[in-house]
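First up is the structure itself, then whatever we jot down about it.
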There are 2 protein chains.
Amino acid sequence: MQLQAKYVALALLSKRPMTGYEIKKNFEGPISFFFEGSYGSVYPTLKNLEKEGCIEKRTIIQEDRPNKNEYSITEVGRAVLAQYYEQPVEEDNVRSDVCMRLFFGGKMDEGEMLDWIGQSRKQHEAKLNILQGMHDQYHQQMPKHQLLSLTIGIRYHQAKIDALLECAEMLDNHKEEK
Amino acid sequence: MQLQAKYVALALLSKRPMTGYEIKKNFEGPISFFFEGSYGSVYPTLKNLEKEGCIEKRTIIQEDRPNKNEYSITEVGRAVLAQYYEQPVEEDNVRSDVCMRLFFGGKMDEGEMLDWIGQSRKQHEAKLNILQGMHDQYHQQMPKHQLLSLTIGIRYHQAKIDALLECAEMLDNHKEEK
DNA sequence: GGCTACATGTAATGCGTTACATGATTTC
DNA sequence: GAAATCATGTAACGCATTACATGTAGCC
């Protein structure tokens with residue numbers, strides 16, 4: 001009963017019916033700061049949820065585009081989701097490649113490290129932009145709780161970028177001292 | 001070739017020989033802000049690495065305590081690790097239960113949400129304390145790169161705590177307005 | 001002409017989690 | 001007397017990743 005694609009999909013579908021494609025879109029943008037997943041996780045998850053009676057499929061025939069399968073949540077699904085919310089909050093799960101590299105990569109030269117920092121910064125900036133864009137566009141219509149969550153995401157990326165910048169500066173200074 | 005227990009264990013062993021138990025200790029404290037893992041991942045990983053010739057086992061017989069298996073990295077292991085460092089930096093992987101709950105839990109009452117925020121805050125504070133403790137104790141002997149990484153970890157937890165506090169305040173204010 | 005968006009899936013593989021299993025010693 | 005520390009492992013299960021597989025429509 002931990003945070004996995006199943007519950008995120010269910011939560012997304014509790015707002016409105018969606019296709020697997022749309023769910024994946026959410027995974028890579030609006031909610032990417034707390035959950036990410038690939039098609040290989042989306043479609044099998046949907047299939048399972050359907051088997052368990054948590055969601056229902058409706059096929060929409062389209063002529064100019066591929067057909068869609070739109071899923072909507074059932075009462076069973078809502079109950080499962082409610083059960084999830086009753087569990088104690090799980091700790092965040094983080095896996096950070098940059099941090100690992102900086103922590104252990106002592107024998108690398110500073111150029112290499114600066115490169116790693118640069119790569120990571122770009123990644124975080126890209127994500128921050130997505131979230132910031134959402135915030136700027138929708139903050140007036142967004143329910144408060146979503147705004148809260150978004151804020152956490154924005155802060156998270158911002159903090160990471162700041163820390164990375166600071167690290168780069170420290171490395172630069174050290175270089176000049178030599 | 002993504003961030004997984006294998007490379008973290010190898011990196012740890014590149015510093016000094018260690019037992020599985022010690023590696024697990026690192027997973028839950030000093031490096032927990034970028035990687036976590038259980039015994040169920042540590043021991044099998046070590047076994048695999050040994051089979052691949054990346055590490056070597058030496059059994060230390062102890063009389064008052066259980067025997068230890070101390071592993072040290074081999075040349076092969078160092079090569080594998082070097083190869084890892086050459087890959088492009090992977091994006092951070094985050095899975096956050098609180099954020100998910102705040103984002104979707106619109107129908108919950110504010111008390112429930114405040115509770116979630118409180119739980120999460122405690123988790124982050126506990127981890128922040130560990131890192132802060134490391135920083136205070138060792139920052140003078142620590143190599144610069146490790147300090148950088150630690151700093152990122154500290155900032156991360158601090159940012160999260162701040163954001164959570166702010167969220168709690170927003171909810172409180174909203175309550176009073178009613 | 002090529003890329004992006006739309007749209008859905010499967011198969012293989014594997015990494016990791018949880019739970020199980022054991023047991024002495026030290027500290028509160 | 002209870003709890004934490006030291007110490008190592010296995011087994012089952014499952015979620016997720018990567019790669020594979022296919023095809024149209026619209027835009028630049």
Side-chain angles (χ1 to χ4, degrees), chain A residues 1-10 17-29 32 34-52 54-55 57-71 84 87-88 90-95 97, chain B residues 1-10 17-29 32 34-52 54-55 57-71 84 87-88 90-95 97:
Chain A
M1 172 91 61
Q2 61 183 294
L3 187 50
Q4 62 193 250
K6 176 178 171 176
Y7 297 108
V8 183
L10 226 35
M18 281 189 195
T19 65
Y21 189 78
E22 283 178 289
I23 288 172
K24 172 63 167 50
K25 281 271 132 170
N26 273 276
F27 280 10
E28 60 190 31
S32 64
F34 64 81
F35 194 91
E36 291 184 275
S38 57
Y39 284 126
S41 74
V42 171
Y43 289 112
T45 295
L46 254 15
K47 196 186 242 183
N48 275 337
L49 281 171
E50 199 191 4
K51 205 171 59 191
E52 291 165 13
C54 293
I55 59 176
K57 178 160 73 176
R58 184 172 69 102
T59 301
I60 297 169
I61 286 121
Q62 298 185 123
E63 265 152 32
D64 50 340
R65 315 205 151 186
N67 292 343
K68 293 189 208 189
N69 296 325
E70 198 184 62
Y71 292 92
Y84 158 79
Q87 299 299 119
E90 246 182 282
E91 289 198 30
D92 286 12
N93 238 25
V94 181
R95 235 160 232 213
D97 196 17
Chain B
M1 175 87 63
Q2 59 183 294
L3 187 50
Q4 62 194 249
K6 176 178 169 175
Y7 298 107
V8 183
L10 228 35
M18 280 188 198
T19 65
Y21 189 77
E22 284 179 290
I23 289 173
K24 172 62 166 51
K25 280 271 132 170
N26 273 277
F27 280 9
E28 60 191 31
S32 65
F34 64 80
F35 194 91
E36 291 183 276
S38 57
Y39 284 125
S41 74
V42 171
Y43 290 112
T45 296
L46 254 15
K47 198 186 239 181
N48 275 336
L49 282 170
E50 198 191 5
K51 204 170 62 191
E52 290 165 13
C54 293
I55 59 176
K57 178 160 75 178
R58 183 171 71 101
T59 301
I60 297 169
I61 286 121
Q62 298 184 122
E63 265 151 36
D64 50 339
R65 316 206 150 185
N67 292 341
K68 294 189 206 188
N69 296 325
E70 197 185 61
Y71 292 92
Y84 159 79
Q87 299 299 119
E90 245 183 281
E91 290 199 29
D92 286 12
N93 239 25
V94 181
R95 233 159 234 214
D97 196 17

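Not measured: the values here are computed from a predicted model. Chain identifiers are assigned alphabetically (A, B, ...) following the order of the sequence lines, protein sequences preceding nucleic acid strands; residue numbering begins at 1 within each chain. As a basis for the values below, the full set of heavy atoms in this structure was taken, side chains included, without hydrogen atoms, waters or symmetry mates.
- Taking only side-chain atoms of Ser38(B), from C-beta outward, the nucleotide of dT18(C), dT10(D), dC15(D) with the closest atom is dT18(C).
- For the pair Glu90(B) CD and dC15(C) C1', the interatomic distance rounds to 13 Å; values are reported in whole Å.
- Residue Gln4(A) places none of its side-chain N or O atoms closer than 4.0 Å to OP1 or OP2 of dG14(D).
- Side chains of Asn69(B) and Thr59(B): a donor on one and an acceptor on the other come within 3.5 Å.
- Candidate nucleotides dA16(D), dG16(C), dT8(C) were compared by shortest atom distance to the side chain of Asn69(A), and dT8(C) ranks first.
- Sequence order on DNA chain C of the closest nucleotides to Asn67(A) and Gly40(A) puts Asn67(A) first from the 5' end.
- One can place CZ of Arg65(A) at 7 Å from P of dG26(D), the figure rounded to the nearest angstrom.
- Two residues are said to be in side-chain contact when any heavy atoms from C-beta on lie closer than 4.5 Å; Ser32(B) and Glu28(B) fail this criterion.
- Lys24(A) has its NZ atom 14 Å from the C1' atom of dG9(C), to the nearest Å.
- Comparing atom distances between the Tyr21(B) side chain and each of dT18(D), dA7(D), dA5(C) picks out dA7(D) as nearest.
- Where Lys47(A) and Gln2(A) each meet DNA chain C at their nearest nucleotide, the meeting point lying more 5' is that of Lys47(A).
- Going from atom CG of Leu49(A) over to atom P of dA16(D) covers 11 Å, rounded to whole Å.
- If you check every strand for non-hydrogen atoms under 4.0 Å, Lys25(B) touches sugar and phosphate atoms only.
- Asn93(A) contributes no side-chain N or O that, together with a main-chain N or O of Val94(B), makes up a donor-acceptor pair within less than 3.5 Å.
- The distance from atom OH of Tyr71(A) to atom C1' of dA7(C) is 12 Å, rounded to the nearest whole Å.
- Heavy-atom nearest nucleotides on DNA chain D were determined for Ser41(A) and for Glu22(B), and the one closer to the 5' end corresponds to Glu22(B).
- The shortest distance between the side-chain N/O atoms of Asn93(B) and the OP1/OP2 oxygens of dT17(D) is not below 4.0 Å.
- The closest donor-acceptor contact from the side chain of Glu52(A) to the backbone of Leu49(A) lies at 3.5 Å or more, if one exists at all.
- One interatomic measurement links the two molecules: NZ of Lys51(B) to C1' of dG14(C), which rounds to 12 Å at whole-angstrom precision.
- Nucleotide dG16(C) holds its C1' atom 16 Å from the CD atom of Glu28(B), rounded to whole Å.
- Considering only the side chain of Tyr43(A), dG9(C) comes nearest among dG16(C), dA16(D), dG9(C).
- Among the atoms of the strands shown, none is found under 4.0 Å from any heavy atom of Lys6(A).
- The phosphate of dA7(D) has OP1 or OP2 within less than 4.0 Å of a side-chain N or O from Gln62(B).
- One can place CZ of Phe27(A) at 9 Å from P of dT17(D), the figure rounded to the nearest angstrom.
- Between Lys68(B) and Tyr21(B) there is no side-chain heavy-atom pair separated by less than 4.5 Å.
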